[in-house]
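Positions are given from 1 along the sequence.
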Amino acid sequence: MNNIDGSDRHLKTEEAPPPSLLTIVLDTNPHAWAHLSSTLSLSAALANILIFINAHLASGNTNEVAVIASHSHKTSYLYPTKTPSQPTRNGDTNGDVEMNGNGTGRSHQESPNKYRPFAVVESTILQNFAKLLNETNESHLAATPTTLIGGALSLALTYISKSTLQHAPVTSGTENSMAALADAENVHVDRVALTSRILIVSVSGDLANQYIPVMNSIFAAQRKKIPIDILKLAGDTVLLQQASDATGGVYMKPERPEGLLQYLMMAFLPDATARASLVIPSAGGVDFRAACFCHRKVVDVGFVCSVCLSIFCEPNLPDNLCLTCGSYLSLRAALTNPPALIPKKKKKKRKAGTDTATPGGSTPAGSSTPVHP
């Protein structure tokens with residue numbers, strides 16, 4: 001009937017590839033980049049990442065990108081920029097922050113030889129990155145030698161969640177579609193869901209002090225089916241290997257960090273849709289060891305709280321209380337009085353030549369088989 005009266009003209013389905021959101025978490029720890037400066041400088045790495053971002057945007061007109069800096073004392077957005085929400089009639093704002101990537105309020109150098117969206121992204125990232133370095137002083141560098149990777153992952157998941165809601169497909173049973181059917185000028189479009197992924201460019205080594213927030217982010221990404229890709233330029237950490245393995249991402253630790261652009265283009269440019277038809281590199285052996293909650297160090301054997309599953313490297317806890325939930329634990333008693341183990345019963349070995357088909361052994365002597373008349 002729809003083909004006869006032409007009412008199906010109001011329904012339209014996008015047949016283009018699904019839009020892809022690439023969220024890059026860039027480790028900008030000054031301590032780690034100082035050790036890597038002889039091989040790969042931070043400025044050269046940022047230039048290669050900008051080329052990689054342009055290649056991702058050029059792969060599809062609907063592709064999006066977000067860049068988050070994981071610094072030593074804070075995490076911040078490098079792209080898109082934050083713009084305050086518009087005030088209402090009463091002069092108050094709704095408390096939300098809109099992410100605008102159009103570069104409003106910024107001066108971009110217009111060049112006829114450069115695609116304008118590429119120029120906007122490049123200028124915004126460089127300006128925000130220079131602002132981040134100018135706000136970093138010696139006290140921030142002396143406070144901690146590590147990076148806030150847990151906060152950066154939380155920001156990435158928050159931005160992905162908001163973008164997913166904005167690109168949510170509109171079903172044909174909603175009020176909007178009914179209004180579109182009533183009005184001949186409106187067209188209802190069934191949009192394709194957004195595919196998202198996270199790429200972490202890491203140079204820091206020890207991240208055991210952020211075990212809890214990183215693992216919570218890994219579980220959230222695993223539940224939302226968001227792959228976490230890891231490009232480990234320096235150092236080695238167990239948490240990032242587990243993040244890539246648990247979410248189905250790509251983990252790569254290149255032997256030559258100076259070839260950063262080649263690794264980005266060959267291994268991390270395909271999105272989740274294209275990876276279904278490709279053979280992606282794997283991390284090989286993944287270290288599944290955990291970090292203790294008391295000293296933040298990776299342990300092979302630990303003690304687990306029976307209530308909150310917190311891990312401790314030694315049973316000498318203050319007042320025998322769990323440091324996470326405060327439950328009483330009898331870890332010392334478990335060491336002094338180990339549980340009794342019941343020994344296994346030894347099986348009797350049969351002598352050679354005594355195996356018969358009769359169950360229970362051979363026929364007793366003096367007994368004969370009864371014969372029926």
Distance, nearest 0.5 Å, that separates [atom1] of [X] from [atom2] of [Y]:
X: Q242; Y: T247; atom1: CD; atom2: OG1; result: 11.5 Å
X: L50; Y: Y79; atom1: CG; atom2: OH; result: 12.0 Å
X: T23; Y: L153; atom1: OG1; atom2: CG; result: 10.5 Å
X: R289; Y: L239; atom1: CZ; atom2: CG; result: 11.0 Å
X: I149; Y: N29; atom1: CD1; atom2: CG; result: 10.5 Å
X: L26; Y: I68; atom1: CG; atom2: CD1; result: 10.5 Å

Show which side-chain atoms of residues 258-266 pair as donor or acceptor with protein atoms under 3.5 Å away, not counting sequence neighbours.
none

So do the side chains of [X] and [Y] get within less than 4.5 Å of each other, counting heavy atoms only?
X: L240; Y: K232; result: yes
X: L46; Y: I125; result: yes
X: T147; Y: H71; result: no
X: L21; Y: R197; result: no
X: C325; Y: S310; result: no
X: L199; Y: F52; result: yes
X: P315; Y: L317; result: no
X: I198; Y: V25; result: yes

Kindly say whether [Y] contributes a backbone atom to a donor-acceptor pair with the side chain of [X] at under 3.5 angstrom?
X: Q241; Y: V286; answer: no
X: K253; Y: G235; answer: yes
X: W33; Y: D27; answer: yes
X: N63; Y: S20; answer: yes
X: T164; Y: I160; answer: yes
X: T124; Y: V120; answer: yes
X: E122; Y: I51; answer: no

Looking at [X] and [Y], what are the two nearest heavy atoms and their distance?
X: H167; Y: S163; value: ND1-O, 2.8 Å
X: S70; Y: A152; value: CB-CB, 3.8 Å
X: L231; Y: F268; value: CD1-CE1, 3.8 Å
X: C313; Y: V299; value: CB-CG1, 3.6 Å
X: P257; Y: L36; value: CG-CD1, 4.4 Å
X: G248; Y: P227; value: O-CB, 4.1 Å

*Between L141 and S72, does a side chain to side chain contact (heavy atoms under 4.5 Å, CB included) hold up when you go through it step by step?*
CA-CA 7 Å; L141 299 179; S72 57; 4.1 Å; yes
Taking [Y] as the starting point, is it possible to reach [X] by hopping between hydrophobic residues whose side chains are less than 4.5 Å apart?
X: L133; Y: V67; value: yes
X: L269; Y: I49; value: yes
X: L148; Y: V201; value: no
X: V238; Y: F293; value: no
X: V298; Y: Y211; value: no

*asked:* I'd like to know whether CG of N137 has more than 12 heavy-atom contacts from other residues, nucleotides or ligands below 6.0 angstrom.
replied: yes
*For S202 and L233, run side chain to side chain contact (heavy atoms under 4.5 Å, CB included): C-alpha distance rounded to whole Å, both residues' side-chain angles, the deciding distance at 0.1 Å, then the answer.*
CA-CA 6 Å; S202 175; L233 297 178; over 6 Å; no
_side chain to side chain contact (heavy atoms under 4.5 Å, CB included) between L132 and N128, intermediate numbers included_ = CA-CA 6 Å; L132 176 63; N128 291 333; over 6 Å; no
*What pairs with Y115 under ring-ring contact (aromatic ring centres under 6.0 Å, His included), at least two apart in sequence or on another chain?*
F118
*Would you please say whether a donor-acceptor pair under 3.5 Å links the side chains of H140 and E135?*
no
*Go through the side-chain N and O atoms of D271 and T195 and say whether any donor and acceptor fall under 3.5 Å apart.*
no
*Step by step, would you call F129 with L42 a side chain to side chain contact (heavy atoms under 4.5 Å, CB included)?*
CA-CA 11 Å; F129 181 70; L42 180 56; 3.3 Å; yes
*Carboxylate-amine/guanidinium proximity below 4.0 Å for D229 and R275*: yes
_Apart from L321 itself, residues in the same hydrophobic cluster as defined by side-chain heavy atoms under 4.5 Å_ = Y328
